[in-house]
2 protein chains.
Amino acid sequence: MSTEEQEKKDEFFMSRALQEAEAAYEEGEIPIGAVVVCRGRIIARAHNMTETLHDVTAHAEMQAITMAANSLGGKYLTDCTLYVTVEPCPMCAGALGWSQMARVVYGAPDIKRGYRTFAPLVLHPKTKVTAGVLADDCRDLMLRFFKERR
Amino acid sequence: MSTEEQEKKDEFFMSRALQEAEAAYEEGEIPIGAVVVCRGRIIARAHNMTETLHDVTAHAEMQAITMAANSLGGKYLTDCTLYVTVEPCPMCAGALGWSQMARVVYGAPDIKRGYRTFAPLVLHPKTKVTAGVLADDCRDLMLRFFKERR
């Protein structure tokens, strides 16, 4: 696949993660969404549900990892890519590390809470990371949420 | 409460976490157990179920945090103590951070996978940590598991 083809594909799947983030926004949740893609197919989609479930572990990525493993019938996600609208926190990056996710693609960086600041070595050593896909859209949705709600 | 009373209490609750770890052992799971205590009462107990559930997120601590929040009807655990037989990994420490757990007590250290190595600042700044409670028992169960299974 050419770089251009890969970029188009990444933007396509990130737009699906953004749809999930928008669903979170509508529910009054911090608007972060994720999808897991395995061999070109979306096998899990989720958005942050920490308020609805009263559960700090209900981040988009955590749910997507659990769903993807259920879908595949195994706990390792070595053939999968996770797309998430915002840089994962250390909890989610830790889960991604355990899952041996092949690739992580995220939109907006999170300097204050992201794993790169607090746990930079927590992903699996083989995991490839791509940052900044549709970053402006991902960030704008977050900014809109915090401006309106807080 | 005197230091001696606190130590006795910690050993009591850690022995309950060890019972959970032993249940994990019997199920062929890496033997780690946890309980959450709120105002002197156990409100959640769980053990590692990653193999049974094919889910890398099903660590003892993650389940115990979710259960405790369900029990209390709110996502913050600022009046709670988590007892866990082994030092939490970065994923679990990240979840403990989000939950604002008042206190974390663990048994055996985990140099290779523990949060202190990979994400030392990930707990909430107010969280108090006590290490080494019934550490030998907690470690021996892990060593027995890995000797027999691997």
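Quick note on labels: first sequence line is chain A, next is B, and so on, each numbered from 1.
At a threshold of 4.5 Å between side-chain heavy atoms, the hydrophobic network of Ile, Leu, Val, Met, Phe, Trp and Tyr places A:Val104 and A:Ile111 in two separate groups. Cluster annotation: A:Met67 is not connected to A:Leu72 through the hydrophobic network of ILVMFWY side chains, with a link wherever side-chain heavy atoms come within less than 4.5 Å.
Grouping Ile, Leu, Val, Met, Phe, Trp and Tyr by side-chain contacts under 4.5 Å, direct or through others, puts B:Met49 with B:Leu53. Under the 4.5 angstrom side-chain criterion for Ile, Leu, Val, Met, Phe, Trp and Tyr, the cluster partners of B:Leu121 are A:Phe118. Grouping Ile, Leu, Val, Met, Phe, Trp and Tyr by side-chain contacts under 4.5 Å, direct or through others, leaves A:Leu143 on its own.
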All inter-chain donor-acceptor pairs under 3.5 Å (chain B, chain A):
residue: B:Glu51; atom: OE2; partner: A:Lys75; partner atom: NZ; Å: 2.7
residue: B:Asp55; atom: OD1; partner: A:Thr66; partner atom: OG1; Å: 3.4
residue: B:Asp55; atom: OD2; partner: A:Thr66; partner atom: OG1; Å: 3.1
residue: B:Thr57; atom: OG1; partner: A:Thr66; partner atom: OG1; Å: 3.3
residue: B:Thr66; atom: OG1; partner: A:Asp55; partner atom: OD1; Å: 3.4
residue: B:Thr66; atom: OG1; partner: A:Asp55; partner atom: OD2; Å: 3.0
residue: B:Thr66; atom: OG1; partner: A:Thr57; partner atom: OG1; Å: 3.3
residue: B:Lys75; atom: NZ; partner: A:Glu51; partner atom: OE2; Å: 2.7

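Of the listed residues B:Ala69, B:Ala93, B:Gly73, the one with more heavy-atom pairs under 4.5 angstrom with chain A than any other is B:Gly73.
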Assess the residue pair B:Cys80 and B:Val37 against the criterion (side chain to side chain contact (heavy atoms under 4.5 Å, CB included)); give the C-alpha distance rounded to whole Å, side-chain angles, the decisive distance to 0.1 Å, and a yes or no.
CA-CA 6 Å; B:Cys80 300; B:Val37 175; over 6 Å; no

